[in-house]
Amino acid sequence: MHTPPLRPSRSPARTSPARLGAILLALALLLAACSKGSTTTVEQAESTTTTTTASTASCDPRLDGYVNHVAYANTTGSINVYPAPGATTPSQTFEVPRKTDTDPPIEVPMVFLVTNEPTDNCDWMEVLLPIRPNGSKGWVKRSDVRLEGNNYRIVVDLNGFNLKAYAGDQVLLDTEIGVARENRPTPGGVYYTTELLKPPDPNGVYGTYAFGLSGFSEVLTSFNGGQGQLGIHGTNEPDKIGQRVSNGCIRLRNEDIDKLVASIQDPYGIRVEILA
């Protein structure tokens with residue numbers, strides 16, 4: 001599917017320590033089965049995080065105050081993922097920077113959520129992978145990544161039509177959501193945010209913001225020319241919140257996702273737990 005050329009644009013910036021750049025993405029191709037609508041060009045919002053509460057022991061004392069550790073590939077060209085620590089043959093290879101499905105493709109950071117950091121072998125770490133099947137994991141060399149941390153967590157209760165966002169134990173948002181139709185369900189599991197998108201038209205089908213997730217629809221292997229990526233986004237149909245209306249994504253009222261973005265302020269590597 002052809003998409004309009006992407007144009008450089010940038011929102012008012014608040015530069016993070018990790019210098020998360022504003023990146024243009026085509027939302028209709030990146031987010032799965034979310035809504036029906038025309039292809040649109042969007043901008044990735046940039047922001048910062050300052051919360052440092054819970055403690056997690058690791059090989060990097062700099063990150064011991066953070067619950068989640070996020071690995072950014074710092075290799076050139078590609079990064080290898082291995083089936084076990086010490087393995088010599090990779091099980092997966094990811095392009096670095098990652099390229100979107102857009103036309104033309106846009107380069108974005110290759111990011112993983114760390115799931116295991118054995119302190120008896122600090123050369124390796126286990127990470128969650130943004131591929132099918134959902135929940136896939138692998139091991140990367142510590143020398144191939146740069147680590148950052150955050151204390152954020154999003155919990156989505158599909159049957160309860162509810163989303164809660166936390167910073168440590170503090171509740172940032174507790175709100176009603178729209179969920180997927182029964183014939184195109186959102187798969188439960190643990191995911192992480194891979195980008196934060198800001199559509200140019202806040203009155204469009206994706207609302208004011210949209211988070212892309214590392215998971216994919218298990219019913220739709222493609223959608224609007226993309227891979228069926230899951231997402232959490234706003235809506236131009238707030239009257240349908242509390243209903244089963246989407247093709248796989250989670251819908252929030254625009255004022256709620258605005259509050260979520262303002263509260264979290266860090267688009268990469270936020271742990272998302274979806275309870276099906």
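Quick note: residue numbers are just sequence positions, from 1. Everything numeric in this text was worked out from a predicted model, so none of it was measured.
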Novice: If you measure from CG on Leu196 to CD1 on Ile232, what distance do you get to the nearest 0.5 Å?
Specialist: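 So the gap between those two atoms works out to 11.0 Å.
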Novice: Quick one: are Glu195 and Arg98 in side-chain contact, heavy atoms under 4.5 Å?
Specialist: yes
Novice: Tell me if a side-chain donor or acceptor on His69 pairs with a main-chain N or O of Leu63 at a distance below 3.5 Å.
Specialist: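 It does hold such a pair.
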Novice: Answer yes or no: is there a side-chain heavy-atom contact under 4.5 Å between Tyr66 and Glu148?
Specialist: no
Novice: Quick check on the hydrophobic clustering: are Ile241 and Phe211 connected, directly or via other members, by side-chain heavy-atom contacts under 4.5 Å?
Specialist: no
Novice: Taking the side chain from Arg181 and the backbone from Val245, do they hold a donor-acceptor pair closer than 3.5 Å?
Specialist: yes
Novice: Is Ile131 reachable from Val81 through a run of I, L, V, M, F, W or Y residues, each pair having side-chain heavy atoms under 4.5 Å apart?
Specialist: yes
Novice: With a 4.5 Å limit on heavy-atom distance, are the side chains of Lys198 and Val261 in contact?
Specialist: no
Novice: So how far is it from Thr186 OG1 to Ile250 CD1, rounded to the nearest 0.5 Å?
Specialist: 4.0 Å
Novice: Restricting to non-hydrogen atoms, name the atom on Pro187 and the atom on Ser217 that form the minimum distance, rounded to 0.1 Å.
Specialist: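 Minimum heavy-atom separation between Pro187 and Ser217: CD-CA, 4.5 Å.
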Novice: Can you tell me how far the OG atom of Ser246 sits from the CD atom of Glu237, to the nearest 0.5 Å?
Specialist: 11.0 Å
Novice: Which heavy atom in Trp124 sits nearest to a heavy atom in Ala87, and how many Å separate them?
Specialist: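 Closest heavy-atom pair between Trp124 and Ala87: CH2-O, 3.8 Å.
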Novice: Would Ile274 and Leu158 satisfy side-chain contact (heavy atoms from CB on, under 4.5 Å), going step by step from the backbone distance to the final call?
Specialist: CA-CA 7 Å; Ile274 297 181; Leu158 297 176; 3.7 Å; yes
Novice: About how many Å separate NZ of Lys259 and CG of Asn254, when rounded to the nearest 0.5 Å?
Specialist: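 These two atoms lie 15.0 Å from each other.
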Novice: With no hydrogens and no angle check, is any side-chain donor or acceptor of Asn68 less than 3.5 Å from a backbone partner on Leu113?
Specialist: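 No, Asn68 side chain to Leu113 backbone: no donor-acceptor pair under 3.5 Å.
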Novice: Look up atom CZ in Arg146 and atom CG in Asp60, then write down how far apart they are to the nearest 0.5 Å.
Specialist: 12.0 Å
Novice: Which heavy atom of Pro185 sits nearest to which heavy atom of Asn183, and what is that distance?
Specialist: CD-C, 3.5 Å
Novice: What's the shortest heavy-atom distance between Pro118 and Cys59, and which atoms?
Specialist: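 Minimum heavy-atom separation between Pro118 and Cys59: O-SG, 3.7 Å.
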Novice: Does the side chain of Ile154 reach to within under 4.5 Å of the side chain of Ile264, using non-hydrogen atoms?
Specialist: yes
Novice: Measure from the side-chain N and O atoms of Arg153 to the backbone N and O of Asp169, and report whether any donor-acceptor pair falls under 3.5 Å.
Specialist: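 Pair absent, no side-chain N/O of Arg153 close to backbone of Asp169.
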Novice: Under 3.5 Å, is there a donor-acceptor pair between the side chain of Arg244 and the main chain of Glu182?
Specialist: no
Novice: Measure the OG1-CE distance between Thr194 and Met110 for me, rounded to the nearest 0.5 Å.
Specialist: 8.5 Å
Novice: Only one of Thr208, Thr235, Thr175 passes side chain to side chain donor-acceptor pair (under 3.5 Å) with Asp256; say which it is.
Specialist: Thr175
Novice: Stepwise, does the side-chain contact (heavy atoms from CB on, under 4.5 Å) test hold for Asp174 with Lys164?
Specialist: CA-CA 4 Å; Asp174 183 349; Lys164 292 183 177 68; 3.3 Å; yes
Novice: Going by heavy atoms in the side chains, are Pro133 and Phe216 under 4.5 Å from each other?
Specialist: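 With C-beta onward as the side chain, the pair stays apart.
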Novice: Check whether Tyr209 reaches the backbone of Tyr206 with its side chain - one donor and one acceptor, N or O, closer than 3.5 Å.
Specialist: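 Checking the backbone N and O of Tyr206 against the side chain of Tyr209, no donor-acceptor pair under 3.5 Å is found.
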Novice: With a 4.5 Å heavy-atom cut-off, do Ser214 and Val111 have their side chains touching?
Specialist: no
Novice: Using the rule given for side-chain contact (heavy atoms from CB on, under 4.5 Å), can you reason through Val70 versus Tyr192, listing the C-alpha separation, both sets of side-chain angles and the distance that settles it, and then say yes or no?
Specialist: CA-CA 10 Å; Val70 185; Tyr192 62 92; over 6 Å; no
Novice: Is any side-chain heavy atom of Asp144 less than 4.5 Å from a side-chain heavy atom of Asn80?
Specialist: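 Not in contact.
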Novice: Identify whether Tyr166 and Ile177 are in the same connected component of the hydrophobic contact network (ILVMFWY, side-chain heavy atoms under 4.5 Å).
Specialist: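 In one cluster: no.
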Novice: Is there a donor in the side chain of Asn203 and an acceptor in the side chain of Asn236, or the other way round, less than 3.5 Å apart?
Specialist: no
Novice: Could you pull out the closest heavy-atom pair between Ser91 and Pro83, with the gap in Å?
Specialist: OG-N, 3.7 Å
Novice: Check for a donor-acceptor pair, side chain of Asn247 on one end and backbone N or O of Arg184 on the other, with a separation under 3.5 Å.
Specialist: no
Novice: Is Leu213 reachable from Leu172 through a run of I, L, V, M, F, W or Y residues, each pair having side-chain heavy atoms under 4.5 Å apart?
Specialist: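 Yes, it is one cluster - the side chains of Leu172 and Leu213 are joined through contacts under 4.5 Å.
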Novice: Work out which heavy atom in Gly215 is nearest to a heavy atom in Asn134; give both atom names and the distance.
Specialist: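 Residues Gly215 and Asn134, closest heavy atoms: CA-OD1, 3.4 Å.
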Novice: Report yes if some heavy atom in the side chain of Glu117 is under 4.5 Å from a heavy atom in the side chain of Leu147; otherwise report no.
Specialist: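 Heavy-atom side-chain distance check passes, below 4.5 Å.
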Novice: Do Leu129 and Val145 share a hydrophobic cluster (ILVMFWY, side-chain heavy atoms under 4.5 Å, transitive)?
Specialist: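 Same cluster: Leu129 reaches Val145 through Ile, Leu, Val, Met, Phe, Trp or Tyr contacts under 4.5 Å.
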Novice: Using modelled atom types only, decide if a donor and an acceptor are shared between the side chain of Asn151 and the backbone of Val67 within a distance under 3.5 Å.
Specialist: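 The answer is yes, because a donor-acceptor pair under 3.5 Å joins these two groups.
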Novice: Given the rule in the side-chain contact (heavy atoms from CB on, under 4.5 Å) test, do Thr115 and Lys137 qualify, once you have shown the distances and angles that lead to the verdict?
Specialist: CA-CA 8 Å; Thr115 56; Lys137 297 178 182 180; 4.1 Å; yes
Novice: So that I can tick it off, tell me whether Arg253 and Glu176 are bridged by a salt bridge, with the cut-off set at under 4.0 angstrom between side-chain N and carboxylate O.
Specialist: yes
